[in-house]
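These notes are about the structure you will find just below.
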2 protein chains.
Amino acid sequence: MEASAALNIFRKYLERFVVFNEAEWIVFTQHLSFSSLKKKHYFTEPGKVCDKVGFIVTGAVRYFHIKDGEDITGYFSFENEFVSSYKSYLTGLPGYTYVQALEDTKLITFTRRDMEQMLANPMLAYKMERFGRLVAEHYLCCYEDRVISFLTQTPEERYLQLLSTGKEILQRMPQHYIAHFLGITPVSLSRIRRRVMVSSA
Amino acid sequence: MEASAALNIFRKYLERFVVFNEAEWIVFTQHLSFSSLKKKHYFTEPGKVCDKVGFIVTGAVRYFHIKDGEDITGYFSFENEFVSSYKSYLTGLPGYTYVQALEDTKLITFTRRDMEQMLANPMLAYKMERFGRLVAEHYLCCYEDRVISFLTQTPEERYLQLLSTGKEILQRMPQHYIAHFLGITPVSLSRIRRRVMVSSA
DNA sequence: CTAAAACGTTAACAAAAGATAAGAAAAGAC
DNA sequence: GTCTTTTCTTATCTTTTGTTAACGTTTTAG
């Protein structure tokens, strides 16, 4: 995909948050970069400050942590979604999360420095504050749902809910990643799947 | 506590997000209300749109869900903290959460309508967008940590971490609320406490 | 194409958590 | 103060999950 097509897709996506006029868009795009991430390469790693946000044009990434030497996948992002180690990006402190490309991935990125410049630019400041607010609110709602699911649902219930809402994750992610995403081990998910199979047969 | 003292505390608290000048503060405060919530009364309930955000001047609240007829406490807010059913507030859709006063609680509140008016008021718009962004980002970071704790930590590890960081919750909340907050049953938390006792003795 | 790595299932066992009930202690209501 | 409710612990039993390992299959890398 060529850059201008990717930018148009990005612009269209952003309209769910803010709509830029032509003059604003020109300035905004001056702060954007294009980058590629080969499969298995890292968008960010623990100990590093994740100083950027990416928009995935093509590809997919997973977020994971290492716990006792083992790799725990916590989340995924796909085409037309943002990717970042948000807390690290927002606080400017080193993160604890690996973010890794699962396929060759093409991104549009802006750095925290870019965002700060736009927030300091009277032409864009208001719209960028609003943009930041709406994006943060969007993710806040996602996180609220997810925390509630850990509090009030069993792993089996979380899996059944994913079956009904998580088409893309189920189709594109190996099962052991999905297991950790649900907060359980791959072996346990395999058992849950058998239970669900049997009881619905 | 009298209203002006409460407002001063609120203003001081808000400075971690935005600083209002005198003219702005006057307009801002015109959108604030004072309210009281008797112990065990509800700030919001499932099925209702939570159309407001509160700032707790004195008192405390807990957030909970009913699952299979049982009461699952998910979170707490204390003095000098905001309280809302955030997703419901942000989306304008009915929520699923009870928010209940644990003690007689005094609040400063503003409604979504108030916020929308301020966001539409050129005098305040920019600062309120920024305020909303920074508050949402703050809670986003809290939620990120909490989700990661569910993915990478055992209940015992979550409890030990709470011991080292959650002074106020531990001091002020009964243990069965804390258990659900950690994602386990009260009986299980009691066992964990015994395990921890024994192994550290 | 071939070797190696990754993936999913199953089994066996251990550890932990859930459910239920009972009893003691503490807190709250009147 | 007394009575009631709430809270916490403990015990028993069941269910679920974790751990480890084995096995067959699929995918990937060179």
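Throughout, protein chains are lettered first and strands after them, A, B, ... in sequence-line order, and every chain is numbered starting at 1. Small disclaimer: the values here were computed from a predicted structure and weren't measured.
Atom CD in Glu156(B) sits roughly 16 Å away from atom C1' in dT17(D) (whole-Å rounding). Rounded to whole Å, atom C1' of dT27(D) lies 15 Å from atom CD of Glu103(A). Computed from coordinates, the Tyr159(A) OH to dG8(C) P distance equals 11 Å when rounded to whole Å. The nearest whole Å value for the distance from the CD1 atom in Ile178(B) to the C1' atom in dT9(D) is 15 Å. Here the P atom of nucleotide dG18(D) and the CD atom of Glu70(A) are 10 Å apart, to the nearest Å. One can place CD of Glu157(B) at 11 Å from P of dA16(C), the figure rounded to the nearest angstrom. Summarising the geometry, the separation between CG on Leu151(A) and C1' on dG18(C) is reported as 16 Å, rounded to the nearest angstrom.
For the OP1/OP2 pair of dA17(C) and a distance below 4.0 Å, the side-chain nitrogens and oxygens of Arg195(B) include at least one atom meeting the criterion. Between Arg193(A) and dG8(C) there is no side-chain polar atom (N or O) within less than 4.0 angstrom of OP1 or OP2. Between Thr185(B) and the phosphate of dG18(C), there is a side-chain N or O to OP1/OP2 separation shorter than 4.0 Å. In this structure, Gln175(B) reaches the dT9(D) phosphate: one of its side-chain N or O atoms is under 4.0 Å from OP1 or OP2.
With the nearest nucleotide of DNA chain C identified for both Thr154(B) and Val187(A), Val187(A) has the one nearer the 5' end. Between Ile192(A) and Leu189(B), the residue whose closest nucleotide on DNA chain D is further toward the 5' end is Leu189(B). Checking Pro186(B) against Lys40(B), the closest nucleotide of DNA chain D that is more toward the 5' end is the one next to Lys40(B).
Arg191(A) comes within 4.0 angstrom of a base, heavy atoms only. Ser190(B) comes within 4.0 angstrom of a base, heavy atoms only.
Cation-pi geometry between Arg193(B) and Tyr159(B) is not satisfied (NZ or CZ under 6.0 Å from the ring centre, within 45° of the ring normal).
Checked against Phe181(B) for a side chain to side chain contact (heavy atoms under 4.5 Å, CB included), the options Phe76(B), Phe64(B), Tyr63(B) give a single hit: Phe76(B). For the ring pair (Phe, Tyr, Trp, His ring centres under 6.0 Å) with Tyr86(B), the qualifying choice from Tyr75(B), Tyr139(B), Tyr143(B), Tyr96(B) is Tyr139(B), the only one to do so.
Tyr13(A) and Phe82(A) have their aromatic ring centers within a separation under 6.0 angstrom. For Phe28(A) and Phe20(A), the gap between ring centers is short of 6.0 Å.
Checking dT28(D), dG18(D), dT7(D) against every side-chain atom of His176(B), the shortest atom distance belongs to dT7(D). Nearest nucleotide to the side chain of Pro174(A), out of dC7(C), dT10(D), dT19(D): dC7(C). Proximity note for Ile184(A) (side chain, C-beta onward) versus dT28(D), dG18(D), dA11(C): the nearest is dG18(D).
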